[in-house]
Amino acid sequence: MEEIHKKSAGDFFILYLFLNFVYIERNTKSCMKNKSLVSIDQCSKEDILRILDNAGEFEKNPNRRLLEGKVAATLFFEPSTRTRLSFETAVNRLGGRVIGFQDASTTSSSKGETLKDTILMVSNYADLIIMRHYLEGAARYASEVTDIPIINAGDGANQHPSQTMLDLYSIRKTQGKLEDLTITMVGDLKYGRTVHSLIVGMSHFNPTFHFVAPNELRMPDEQKTFCDERGIKYYEHTDFTEDVINETDILYMTRVQRERFTDLEEYERVKNVYILKNEMLENSRDNLKILHPLPRVNEISYDVDDNPKAYYIQQARNGLYAREAIICEVLGINV
Ligand code: CP
């Protein structure tokens with residue numbers, strides 16, 4: 001009998017240790033365990049939902065002095081309006097300070113300083129680096145050479161995880177859920193880092209995708225294989241028709257990105273291939289929302305702007321809240 005008691009006490013102790021381990025794992029688990037956000041595939045479903053919830057808190061109150069005494073560096077090796085300004089606004093609204101550049105030609109990288117040395121220098125001055133770079137993998141590389149957190153604000157045609165977080169926030173806010181939605185992606189699906197990231201972000205929520213692109217800009221095999229491996233349904237189209245629009249919950253328009261083409265004749269052939277006009281929305285679902293990471297060139301006609309289904313301007317505003325949540329996440333600040 002004594003033996004049984006001893007054994008039960010031992011089992012209890014092991015169970016106690018196990019439960020403690022699970023509790024600690026759960027409560028410290030974060031997509032930014034290594035503190036950087038370089039790709040949306042670092043984030044579990046729970047991570048995404050927690051960050052979206054925190055973004056919701058920032059929407060209620062964007063001005064909280066959670067970054068008092070912190071300096072964030074914004075290093076933009078490629079042009080940006082929304083991403084840079086919303087990140088900088090986020091830091092300012094949270095009481096931090098911003099250093100950085102928006103034109104690398106004014107920095108010593110124009111004298112030949114390497115990305116590694118630039119990152120190491122900035123790490124001497126800042127608590128956090130928010131970086132956009134034209135090279136795929138640049139943010140991951142930066143995260144490997146410094147101990148301070150890196151947030152990828154877009155690396156070539158690869159990833160744009162903070163855009164995905166604000167897209168997910170916008171989708172949940174407008175649809176009341178993330179599960180079981182039909183999302184139609186239109187335009188440059190080959191080079192579009194926002195659509196590549198969004199597929200990964202939505203993969204937790206049983207989406208159905210329609211990919212509408214000219215043959216030259218089709219969704220790459222890598223993303224289609226990703227969907228195949230997870231049993232995610234997708235359909236490819238070269239025509240942008242009302243039939244597709246009418247079975248869509250989220251219409252995600254994208255720009256054909258001139259800067260990604262090496263052959264400008266090819267760009268000229270495809271640049272205006274799809275233009276969304278207001279009349280095309282006549283029989284669309286009541287809950288349809290039109291998203292676009294912006295900037296737009298010609299792909300959404302201006303007559304769509306007044307349609308209540310147009311959501312791209314509010315979507316960009318949501319970027320502020322999502323980025324406040326991401327900054328706090330990588331710095332380990334409780335919201
Ligand atoms: N959506 C987006 O990345 O916009 P910017 O290029 O203006 O930052």
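When a ligand or atom number is given, it counts from 1 through the structure's own listing order.
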Could you pull out every N or O of ligand 1 that sits under 3.5 Å from a protein N or O, with the distance for each pair?
unit_1: ligand 1; atom_1: 1 (N); unit_2: Q163; atom_2: OE1; d: 3.0
unit_1: ligand 1; atom_1: 1 (N); unit_2: P293; atom_2: O; d: 2.8
unit_1: ligand 1; atom_1: 1 (N); unit_2: L294; atom_2: O; d: 3.1
unit_1: ligand 1; atom_1: 3 (O); unit_2: T83; atom_2: OG1; d: 2.9
unit_1: ligand 1; atom_1: 3 (O); unit_2: R132; atom_2: NH2; d: 2.9
unit_1: ligand 1; atom_1: 3 (O); unit_2: H160; atom_2: NE2; d: 2.9
unit_1: ligand 1; atom_1: 4 (O); unit_2: R82; atom_2: NE; d: 3.1
unit_1: ligand 1; atom_1: 4 (O); unit_2: L294; atom_2: O; d: 3.3
unit_1: ligand 1; atom_1: 6 (O); unit_2: R132; atom_2: NH1; d: 2.9
unit_1: ligand 1; atom_1: 7 (O); unit_2: T81; atom_2: N; d: 2.8
unit_1: ligand 1; atom_1: 7 (O); unit_2: R82; atom_2: N; d: 3.0
unit_1: ligand 1; atom_1: 7 (O); unit_2: R82; atom_2: NE; d: 3.2
unit_1: ligand 1; atom_1: 7 (O); unit_2: R82; atom_2: NH2; d: 2.9
unit_1: ligand 1; atom_1: 8 (O); unit_2: S80; atom_2: OG; d: 2.6
unit_1: ligand 1; atom_1: 8 (O); unit_2: T83; atom_2: N; d: 2.9
unit_1: ligand 1; atom_1: 8 (O); unit_2: T83; atom_2: OG1; d: 2.6
unit_1: ligand 1; atom_1: 8 (O); unit_2: R132; atom_2: NH2; d: 3.3

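Judged by a 6.0 Å distance limit and a 45° cone about the ring axis, R323 is positioned over the six-membered ring of F87. With F226 as the aromatic partner, R230 meets the cation-pi criteria of under 6.0 angstrom to the ring centre and within 45 degrees of the ring axis.
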Problem set entry | Intermediate values then yes/no, salt bridge (Lys or Arg N to Asp or Glu O under 4.0 Å), R93 and E324 | CA-CA 9 Å; R93 288 195 181 275; E324 287 185 296; 6.0 Å; no

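The side chain to side chain donor-acceptor pair (under 3.5 Å) test with T74 is passed by exactly one of R84, E88, Q102: E88.
Note on ring orientation: taking the six-membered ring where Trp is involved, the planes of H237 and H210 are tilted (angle from 30° to 60°).
Note on D155 versus R193: no salt bridge recorded, every NZ/NE/NH1/NH2 to OD/OE distance being 4.0 Å or above.
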